[in-house]
Amino acid sequence: MELSTLQFELVHNLLSLTVAAMFAAGLFFWGSRDHVDHRFRPALLVSAIVVFIAGYHYLRIWQSWGGAYMAQDGKFVPSGVGFNDAYRYADWLLTVPLLLVELIAVLSLAKSEARGLLKKLVVAAVLMIALGYPGEISDVAGTKWLWWVLSMVPFVYILVTLFVKLGPVIAKESVEVRGLISLARNVLLVTWLFYPISYLFPIFGLGGAQGETLLQVGYTIADITAKAGFGLVIYNIARAKSEVSLKAA
């Protein structure tokens, strides 16, 4: 598959930007732990871990993309070294469950309730990623549809849990905090919905250089939002809840 110079450099530069953004966000979350109440510091620690993991994998993706193509006659052609996009799934397998841990860590749940809920959500998240991978690497439309449907089952379960079962819990929070938690859920919803939609691009005929470019750009922007952006919302929730606790003391 040949890429134009614009297509190659767009993806290459965006991947590089993401590496910097993830590591910068990680340093911010790590350094901000002392700015919140001790109850919410684990949430910022997990936020830092998430973006550090993502930063490492994006570094490998960026290197792989650069090594998979070489300039020739004003365009970029395959170098003979395949582009390893499996780094994304390795990243998601680790970071997606941790994103759920971030959210649960800033909610006002009893430890036993939070622990039980997390077990279910983490298992669902792992299944969602694992079930999606066979279809991602397949070129057969029927196979892609099968694994897409299977991976959507835990995906829907997670969304139902976040938007229905956690509703009463969120309603107990202060007005300021309630709005931030709703924002956090919406960030997950909007960014996570991009993945199953992009997954179907090849089935609907959006392939080749244009499809690959759109897929890489879309996945990358979604990851920045779902990890660094989501972490910032978690930080603001932790700050707001810390201020409420301080006023009540």
Side-chain angles (χ1 to χ4, degrees), residues 18 21-55 91-92 94-125 128 155 157-195 221-249:
T18 306
M22 292 298 185
F23 284 129
L27 291 175
F28 173 78
F29 297 144
W30 180 267
S32 298
R33 290 173 302 143
D34 292 337
H35 299 163
V36 301
D37 189 86
H38 69 279
R39 293 175 299 160
F40 309 118
R41 290 173 187 172
L44 293 189
L45 176 60
V46 175
S47 296
I49 292 172
V50 165
V51 289
F52 279 136
I53 291 173
D91 174 69
W92 293 341
L94 295 172
T95 57
V96 170
L98 289 175
L99 291 173
L100 296 170
V101 173
E102 286 182 53
L103 180 59
I104 300 302
V106 293
L107 295 179
S108 300
L109 289 169
K111 288 185 178 180
S112 58
E113 186 179 2
R115 193 179 300 114
L117 182 60
L118 271 177
K119 286 181 180 179
K120 295 176 183 178
L121 288 175
V122 167
V123 169
M128 178 179 67
F155 177 80
Y157 170 78
I158 292 172
L159 292 185
V160 169
T161 300
L162 293 180
F163 282 86
V164 178
K165 293 185 178 180
L166 288 182
V169 176
I170 296 173
K172 297 177 183 178
E173 302 283 358
S174 65
V175 176
E176 299 85 355
V177 173
R178 197 184 310 153
L180 288 170
I181 294 177
S182 295
L183 175 61
R185 292 193 304 175
N186 291 335
V187 168
L188 285 184
L189 172 64
V190 172
T191 54
W192 284 20
L193 278 176
F194 184 86
Y195 301 114
I221 293 175
D223 274 341
I224 292 175
T225 307
K227 295 180 175 68
F230 182 73
L232 287 173
V233 178
I234 294 298
Y235 166 74
N236 285 322
I237 293 172
R239 282 294 300 270
K241 296 191 75 169
S242 297
E243 291 175 1
V244 170
S245 298
L246 187 61
K247 290 178 181 178

Mind listing the closest non-hydrogen atom pair of Leu103 and Leu107 along with its distance? O-CG, 3.4 Å
Which atoms form the tightest heavy-atom contact between Val122 and Pro97, and what is the distance? CG1-CB, 3.9 Å
Give the minimum heavy-atom separation between Ala114 and Ile104, together with the two atoms involved. CB-CG2, 3.9 Å
Just how far is it from atom CG of Leu94 to atom CG of Leu99, taken to the nearest 0.5 Å? 11.0 Å
Step by step, work out the side chain to side chain contact (heavy atoms under 4.5 Å, CB included) result for Val96 and Tyr195. CA-CA 12 Å; Val96 170; Tyr195 301 114; over 6 Å; no
Please report the interatomic distance CZ(Phe29) to CD1(Ile234), rounded to the nearest 0.5 Å. 9.0 Å
Residues two or more places apart in sequence or in another chain: which of them pass side chain to side chain contact (heavy atoms under 4.5 Å, CB included) with Ile49? Leu45, Ile53, Leu98
Is it the case that over 12 heavy atoms from other parts of the model lie below 6.0 angstrom from the CH2 atom of Trp30? no
Can you list everything that forms a side chain to side chain contact (heavy atoms under 4.5 Å, CB included) with Ala105? Sequence neighbours excluded, please. Ala43
Applying side chain to side chain donor-acceptor pair (under 3.5 Å), which residue pairs with at least one partner in residues 33-43 are found, sequence neighbours left out? Asp37-Arg39, Arg39-Ser245
Which pairs, with at least one residue in residues 99-109 and sequence neighbours excluded, count as a salt bridge (Lys or Arg N to Asp or Glu O under 4.0 Å)? none
For residues 113-122, which residue pairs qualify under salt bridge (Lys or Arg N to Asp or Glu O under 4.0 Å), counting only residues two or more places apart or in two chains? none
Under a 3.5 Å distance rule, please check whether Lys241 uses its side chain to pair with a backbone N or O of Val106 as donor and acceptor. yes
I need the minimum non-hydrogen distance between Ala124 and Ile158, along with the two atoms involved. CB-CG1, 3.8 Å
Parallel, tilted or perpendicular, judged at 30° and 60°: which one describes the rings of Tyr235 and Phe28? perpendicular
Before you tell me yes or no, could you show the steps for Leu193 and Phe155 under side chain to side chain contact (heavy atoms under 4.5 Å, CB included), namely the whole-Å CA-CA distance, both residues' side-chain angles and the distance that decides it to 0.1 Å? CA-CA 9 Å; Leu193 278 176; Phe155 177 80; 3.8 Å; yes
Heavy-atom nearest pair, Ala226 first then Thr191, reads CB-OG1, 3.5 Å
Distance-only check: which donor-acceptor pairs under 3.5 Å involve side-chain atoms of residues 178-185, not counting sequence neighbours?
residue	atom	partner	partner atom	Å
Arg178	NE	Glu173	O	3.4
Arg178	NH2	Glu173	O	2.9
Ser182	OG	Arg178	O	3.0
Arg185	NH1	Leu162	O	2.5

Using 0.5 Å steps for rounding, measure from the CG atom of Leu189 to the CZ atom of Phe163. 4.5 Å
Taking every non-hydrogen atom, the tightest pair across Ala48 and Gly26: CB-O, 3.7 Å
